[in-house]
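Ligands are counted one by one from 1 in listed order, and the atoms in each one are counted from 1 as well. For reference, positions follow the sequence shown, starting with 1. These figures come from a predicted structure and were not determined experimentally.
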Amino acid sequence: IKHPLQNTWTLWYYEPDRNKSWEESQREITSFDTAEDFWSLYNHIKTASELRQGCDYSMFKQGIRPMWEDDQNKCGGRWLINLDKKQRTTDLDNFWLEILLCMIGEAFNEYSDDVCGAVVNVRPKGDKLGIWTSNADCADSVMEIGRKLKERLRITSKTTMGYQVHKDTMIKAGSQTKNTYTL
Ligand SMILES: CN(C)c1nc(=O)c2c([nH]1)N([C@@H]1O[C@H](COP(=O)(O)OP(=O)(O)O)[C@@H](O)[C@H]1O)CN2C
């Protein structure tokens with residue numbers, strides 16, 4: 001029999017399309033709830049570093065859309081990891097896979113329920129990895145999730161991680177959003 005996961009997860013794919021809104025360009029690929037089905041999906045699709053620049057993958061718990069406005073996301077925020085350009089070949093795919101495995105493996109202990117999902121943005125100015133949590137006001141939960149991420153990704157102090165509240169990101173889109181927490 002297959003190994004069931006604690007949650008069902010949905011993979012989304014975003015590709016910029018000048019004839020569609022941002023939201024219409026978010027496509028739901030498939031959902032899975034076993035470890036075997038995760039690996040079949042992961043091994044079947046392009047890695048993040050193979051995507052065209054401007055594209056995203058998002059993996060969220062089933063029922064949560066990969067956007068600020070979703071009820072599960074609207075009071076939350078994201079731990080954001082900014083990669084430099086050369087990390088696309090050295091770290092991007094490893095970091096993204098490790099984040100996926102942390103989520104489906106419920107690696108954040110009692111705070112795993114606060115995890116909504118994760119996004120990888122493939123961008124010319126530098127790729128980004130975001131882990132989205134549901135409540136920006138729960139400092140204990142946000143910090144514990146951030147600490148576990150740093151540990152699992154073996155991110156040293158040279159790479160800073162900032163936690164940005166979606167409400168701040170929404171209004172400051174384009175310019176630098178402030179970090180409510182940093183690790
Ligand atoms: C419901 N809705 C419209 C809506 N809901 C959302 O949740 C949401 C957006 N729009 N996003 C739009 O993408 C632009 C680039 O953000 P980026 O994170 O790709 O980053 P870059 O600037 O491309 O590096 C954002 O500026 C925003 O326009 C982003 N976003 C998460």
Side-chain angles (χ1 to χ4, degrees), residues 7-31 45-100 102-103 114-138 141-142 145-146 149 153 155 159-183:
N7 282 290
T8 301
W9 298 87
T10 302
L11 179 73
W12 301 72
Y13 174 63
Y14 169 80
E15 190 169 87
D17 180 333
R18 65 173 64 87
N19 305 319
K20 286 185 188 160
S21 71
W22 182 88
E23 198 164 343
E24 287 163 349
S25 302
Q26 282 288 357
R27 289 178 15 220
E28 197 175 323
I29 305 294
T30 187
S31 298
I45 58 176
K46 285 180 189 287
T47 62
S49 62
E50 290 170 334
L51 298 180
R52 271 187 322 108
Q53 295 188 126
C55 294
D56 306 340
Y57 276 137
S58 300
M59 194 172 89
F60 277 70
K61 284 173 182 168
Q62 190 171 53
I64 306 179
R65 291 168 302 150
M67 45 196 80
W68 306 311
E69 295 75 8
D70 191 277
D71 282 349
Q72 295 290 316
N73 293 322
K74 65 188 182 190
C75 301
R78 64 173 176 176
W79 279 108
L80 184 64
I81 302 163
N82 284 294
L83 301 184
D84 62 43
K85 293 191 176 96
K86 65 179 182 307
Q87 286 182 281
R88 179 172 302 168
T89 52
T90 56
D91 294 327
L92 179 65
D93 293 339
N94 298 334
F95 281 1
W96 177 239
L97 176 57
E98 192 58 36
I99 288 167
L100 298 179
C102 282
M103 292 198 299
D114 294 347
V115 171
C116 297
V119 182
V120 55
N121 304 119
V122 181
R123 297 291 183 277
K125 60 193 175 196
D127 302 328
K128 296 183 283 185
L129 293 153
I131 295 82
W132 292 30
T133 74
S134 56
N135 190 334
D137 296 334
C138 296
S141 165
V142 170
I145 290 167
L149 277 169
L153 293 175
I155 285 181
T159 310
T160 52
M161 266 174 33
Y163 185 87
Q164 297 161 2
V165 176
H166 294 320
K167 287 190 178 86
D168 297 330
T169 311
M170 283 169 95
I171 55 176
K172 304 268 291 176
S175 57
Q176 199 60 28
T177 304
K178 74 176 167 79
N179 290 333
T180 301
Y181 308 99
T182 48
L183 266 176

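Ring planes of W96 and Y57: parallel class, angle under 30° (limits at 30 and 60°). The aromatic rings of W132 and F60 sit perpendicular, their planes meeting at an angle over 60°, well past the 30° parallel limit.
If you check the side chains of N179 and Q164, you find a donor sitting under 3.5 Å from an acceptor. Using modelled atom types, one finds a donor on one side chain and an acceptor on the other under 3.5 Å when comparing D93 with T47. T133 and Y163 form a side-chain donor-acceptor contact under 3.5 Å, judged by distance and modelled atom types alone.
Any N or O atom pair closer than 3.5 Å counts here, and E23 shares no such pair with ligand 1. Close N/O approach between R78 and ligand 1 is not found [any backbone or side-chain N/O within under 3.5 Å]. Taking distance alone, with nitrogen or oxygen atoms compared against 3.5 Å, K125 approaches ligand 1 more closely than that limit. Geometrically, ligand 1 and E69 share a nitrogen or oxygen pair separated by less than 3.5 Å.
At a heavy-atom distance under 4.0 Å, only side-chain atoms of W22, from C-beta outward, approach ligand 1. Residue-level proximity to ligand 1 for M67 is carried by backbone and side chain together, each with a heavy atom below 4.0 angstrom.
Atom numbering of ligand 1 starts at 1 in the shown order; those under 4.0 Å from a heavy atom of K128 are 20 (O), 21 (P), 24 (O).
Residues V165 and A136 share a closest heavy-atom pair of CG2-CB, 3.8 Å.
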